[in-house]
Amino acid sequence: MESLYLLIPISTVLVFLAIWVFVRASDSGQFDDMVGPALRILLDDDSAHQQEKIIPEPLPDNDVAK
């Protein structure tokens, strides 16, 4: 029974500590983008760099369209 006098305040402090950590993480923007990092891990880094390097070529003048 005496152990409850010690365990109840410790558990209360742990609950408030967990709530404080969650609120602090939420305020720092850690949960703002939940989809982006999940999709980024599926993409290959090489393909992402290749897509950035692709420069669109100008369309040639088409005499048929005139």
Side-chain angles (χ1 to χ4, degrees):
M1 183 70 180
E2 291 85 23
S3 64
L4 288 178
Y5 295 123
L6 181 65
L7 292 178
I8 289 175
I10 289 174
S11 63
T12 304
V13 168
L14 287 177
V15 166
F16 282 113
L17 181 68
I19 291 171
W20 177 77
V21 167
F22 176 74
V23 169
R24 187 169 170 100
S26 178
D27 287 343
S28 69
Q30 190 171 5
F31 303 114
D32 286 348
D33 186 16
M34 298 296 286
V35 177
L39 293 177
R40 226 177 296 137
I41 199 168
L42 297 175
L43 297 176
D44 191 16
D45 289 337
D46 295 336
S47 65
H49 291 293
Q50 289 176 353
Q51 290 177 353
E52 292 174 0
K53 292 179 181 177
I54 294 175
I55 299 172
E57 296 180 14
L59 296 174
D61 290 337
N62 193 356
D63 293 334
V64 177
K66 291 182 182 178

- prompt: By side chain to side chain contact (heavy atoms under 4.5 Å, CB included), which residues pair with Val21, not counting sequence neighbours?
  reply: none
- request: With sequence neighbours excluded, tell me which residues meet ring-ring contact (aromatic ring centres under 6.0 Å, His included) with Phe16.
  value: none
With sequence neighbours excluded, residues passing side chain to side chain contact (heavy atoms under 4.5 Å, CB included) with Ile10: Leu6, Leu14
field: Hydrophobic cluster membership, Ile41 vs Met34, 4.5 Å side-chain cutoff
entry: no
query: For the atom pair CG (Asp32) and OG (Ser26), what is the distance rounded to the nearest 0.5 Å?
result: 7.5 Å
message: Run the side chain to side chain contact (heavy atoms under 4.5 Å, CB included) test against Ile19 and tell me which residues pass, sequence neighbours left out.
response: Val15, Val23
query: Is the number of heavy atoms from other residues, nucleotides or ligands under 6.0 Å of Tyr5 OH greater than 12?
result: no
field: Contacts of type side chain to side chain contact (heavy atoms under 4.5 Å, CB included), residue Val35, not counting sequence neighbours
entry: Asp33, Leu39
